[in-house]
Amino acid sequence: MKDFKKTVAEKIFDVKLISDNMDFDSVYMNVEVPTDNKMGDYAFPCFKLAKIFKKAPQAIAGELKDSINCGDEIDRIKNVNAYLNFYLRRELLVGEVVNGAIEENEKFGSSDIGENRKVIVEFSAPNIAKPFHIGHIRSTVIGNSINNIYSFVGYDTVRINHLGDYGTQFGKMIVAYRKWGNREDVEKEPIKTLLTYYTKFHEESESDPSLENDAREAFMKLEQGSEDETKLWQWFRDESLKEFNRVYTMLGIEFDSYAGESFYSDKMQRCLDELKEKNLLQESEGAQIVDLEEFGLGKALITKKDGSTLYITRDIAAAIYRKEHYDFYKNLYIVASQQNLHFQQWIKIIELMGYPWAHDCVHIPFGLVSLEEGTMSTRSGRVVFLEDVLKKAVEQTKQIIEEKNVTTDDVEEIADAVGIGAVIFNELSNNRIKDYVFSWGKILSFDGETGPYVQYSHARAASVLRKAPEESAKVANGEIKIDAKYLTSDRAYELSKLIYKLPQVIIEAADKYEPSVVTRHIIDIAQTFNRFYQDEYILVDGLDERAAKLGLVIAAKTAIRNGLGLLGIKAPEKM
RNA sequence: GGGCUCAUAGCUCAACUGGAUAGAGCAACAGCCUUCUAAGCUGUAGGUUCGGGGUUCGAAUCCCUGUGGGCUCACCA
């Protein structure tokens with residue numbers, strides 16, 4: 001779509017006084033969007049020019065206003081104090097947006113700035129044999145959305161679920177299972193049962209510290225490839241994945257690779273050798289460390305005194321493997337902010353190893369989820385299961401559908417889309433970095449700035465289009481051209497501008513690794529659409545006007561649907 | 001104690017990265033369903049942007065400092 005900001009910048013740059021003193025880019029950069037629609041579409045503040053011209057900025061604004069040639073694109077210019085406010089010819093922008101959105105359809109909002117470069121998105125990464133709880137939703141849903149966004153702006157993405165399927169904890173699990181476990185119970189309810197063993201292990205080890213040693217030994221054997229331990233571990237892993245996949249299916253999330261920590265077990269030695277060869281390893285209290293004190297990053301423990309590895313070793317090995325295997329442009333990690341130090345440490349180590357791509361590895365942190373009773377704790381049973389949250393949200397949606405007597409055969413399908421959409425949307429509506437307290441009340445509220453509100457707006461648009469099926473179809477396939485002069489009211493124009501902005505917003509979300517930017521924007525679109533819907537009757541008698549309005553409805557619907565898609569949320573036609 | 005991070009309306013959060021009168025939703029109150037879906041729309045009320053300095057034509061945003069919360073600081077991940 002046409003860049004109207006550039007048009008405005010060009011008009012300003014056409015003035016000789018400006019082009020003599022500034023380059024085009026800095027003019028372009030200084031053009032901004034005013035806080036209030038009444039103040040026009042674009043604004044140019046003249047404060048900075050005051051120094052160059054040694055004149056009051058208000059006076060400069062006044063002079064510039066008279067020397068700018070509006071041409072066909074700009075309707076008028078007003079100078080307010082030190083600002084120059086530009087008002088575009090509305091039908092130009094509206095025509096551009098509505099036709100653009102209709103033509104591009106499911107691609108509307110996308111771009112090709114990624115140039116097909118490879119981006120790895122590591123997300124979700126739950127620990128196997130442990131419950132998939134509400135704390136895991138963040139990495140899962142944020143990561144999925146970042147993947148969608150990167151793919152939409154033209155990157156070739158790879159989704160990796162770096163399962164927590166290795167480490168001393170599995171030594172503990174193996175010891176516990178041998179002592180107290182039985183096969184049938186595990187097969188009936190894998191994670192819950194395994195969890196009871198794990199909890200029992202911790203209880204017992206308080207009075208019997210030798211258990212900890214047994215666990216370390218069991219993990220050491222596992223790492224060395226001992227058959228018995230490997231078999232057990234493999235079984236725990238398979239059973240756990242079955243449960244995780246149930247949740248992923250509900251969320252509509254897929255992965256390209258489930259290469260978890262265990263995948264790198266045979267790549268660890270090479271990594272240790274390399275560290276040694278590059279003189280980075282030191283011995284300390286029997287363990288192997290990399291000293292990062294001079295960078296203010298403490299000491300990184302690479303192997304324990306019994307020689308077994310830790311997760312930092314596995315992350316280093318994984319990064320090297322990924323660079324060789326995928327040759328990524330960027331390698332993104334959607335992992336809680338608790339692990340900031342861990343990421344700083346290993347990325348620094350990669351850098352010290354002499355790999356220039358160290359800084360293409362990016363940790364994308366997010367804040368902590370806690371419960372009203374305190375932080376979540378698997379061991380003490382203070383935990384809310386993600387599956388329960390999703391189910392409850394779907395149930396509540398069903399109830400609401402019944403109360404409202406929605407006429408449809410697909411109650412189940414709609415309830416799934418709306419209930420699960422509500423949970424995902426809630427997760428993606430705030431800045432990643434914010435901590436929050438989980439609350440049933442908030443997650444089950446469907447009024448105001450929520451997923452159901454946005455989906456409802458979409459369904460409303462769909463409903464209007466259904467009332468005029470032939471015409472809508474013709475507008476949608478380009479048989480009827482819309483006349484933008486019917487869409488110049490304040491509401492219609494405001495809506496058009498928000499839709500126009502969507503592609504830029506998506507790029508911004510990619511730059512910031514921040515899905516909430518998209519979430520916020522589609523709330524704005526939905527809100528403005530609802531106001532438009534309220535203020536202006538769409539199915540008017542005049543054929544041209546009706547077609548134009550249907551065009552805008554299609555454009556708004558397209559924008560909302562594509563935006564929701566990036567968040568991983570469905571957009572039902574009815575609800 | 002060191003490092004990282006957060007603090008904006010009663011509550012949950014925005015604010016185009018330094019711009020104009022700091023905006024939404026929830027909760028409260030008052031209205032709107034005999035034309036397209038009321039999971040909606042309109043209006044009222046609600047602010048010393050944690051305190052104190054500084055830089056700037058201009059600060060919620062940048063710098064210094066204090067306070068308060070969260071995370072983290074070697075054999076867990």
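Below, chains carry the letters A, B, ... as their sequence lines are ordered, and counting in each starts from 1. Every heavy atom of this structure was used, including side-chain atoms; hydrogens, water molecules and symmetry mates were not.
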May I ask you to verify if any side-chain N or O of [X] is less than 4.0 angstrom from the OP1 or OP2 atom of [N]?
| X | N | value |
| --- | --- | --- |
| A:Lys51 | B:G58 | no |
| A:Asn431 | B:C13 | no |
| A:Lys442 | B:G25 | no |
| A:Asn127 | B:A77 | no |
| A:Lys467 | B:U37 | yes |
| A:Arg520 | B:G25 | no |
| A:Ser445 | B:C26 | no |
| A:Tyr453 | B:C41 | yes |
| A:Lys305 | B:A74 | no |

With a non-hydrogen cut-off below 4.0 angstrom, is [X] in contact with a base, only sugar-phosphate, or nothing?
| X | value |
| --- | --- |
| A:Pro57 | nothing |
| A:Glu285 | base |
| A:Asp36 | nothing |

Any strand: nucleotide that pairs with [N] via Watson-Crick or wobble, under 3.5 Å:
| N | value |
| --- | --- |
| B:A28 | B:U44 |
| B:U37 | none |
| B:A7 | B:U67 |

Results of ring-ring contact (aromatic ring centres under 6.0 Å, His included) for A:Tyr456 - residues two or more places apart only: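 In terms of ring-ring contact (aromatic ring centres under 6.0 Å, His included), with neighbours along the sequence ignored, A:Tyr456 is linked to no residue.
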Rounded C1' spacing from B:U61 to B:G54 in Å: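 About 15 Å, rounded to a whole number of Å.
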Distance, P atom - from B:A27 to B:C36, rounded to whole angstrom: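 Here B:C36 and B:A27 have their P atoms 25 Å from each other.
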Polar side-chain contact A:Ser457-B:A39 base: donor and acceptor under 3.5 Å: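 Absent.
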Distance-only donor-acceptor test, A:Tyr456 side-chain atoms vs B:A39 base atoms, 3.5 Å: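 Absent.
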A:Gln455 versus A:Gly421, closest heavy-atom pair with distance: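 Taking A:Gln455 first and A:Gly421 second, the nearest heavy atoms are NE2-CA, 4.4 Å.
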The single option from A:Leu88, A:Asn85, A:Ile12, A:Ile77 passing side-chain contact (heavy atoms from CB on, under 4.5 Å) against A:Tyr42: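 By the side-chain contact (heavy atoms from CB on, under 4.5 Å) criterion, A:Tyr42 pairs with just one of A:Leu88, A:Asn85, A:Ile12, A:Ile77: A:Leu88.
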Donor-acceptor under 3.5 Å (A:Arg216 side chain, A:Gly171 main chain):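 No, A:Arg216 side chain to A:Gly171 backbone: no donor-acceptor pair under 3.5 Å.
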Worked verdict on A:Lys392 versus A:Glu395 for salt bridge (Lys or Arg N to Asp or Glu O under 4.0 Å): CA-CA 5 Å; A:Lys392 217 162 182 169; A:Glu395 265 169 46; over 6 Å; no
Ion pair check, A:Glu261 and A:Arg314, cut-off under 4.0 Å: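 Looking at A:Glu261 and A:Arg314, the cut-off is met.
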Short N-O contact, A:Glu545 and A:Lys549, less than 4.0 angstrom: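 Salt bridge present between A:Glu545 and A:Lys549.
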Which residue lies more 5' along RNA chain B, comparing A:Gly298 with A:Glu449 via nearest heavy atoms: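 Nearest nucleotide further toward 5': that of A:Glu449.
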Residue whose nearest RNA chain B nucleotide is more 5′ - A:Phe47 or A:Leu301: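 In this pair, the answer is A:Phe47.
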Find every protein N or O atom lying less than 3.5 Å from an N or O atom of nucleotides 69-71 of chain B, and list the pairs.
{"residue": "B:G70", "atom": "O2'", "partner": "A:Asp435", "partner atom": "OD2", "Å": "3.0"}

ring-ring contact (aromatic ring centres under 6.0 Å, His included) evaluation trace for A:Tyr83 with A:Phe47: CA-CA 8 Å; A:Tyr83 286 90; A:Phe47 301 103; 5.6 Å; yes
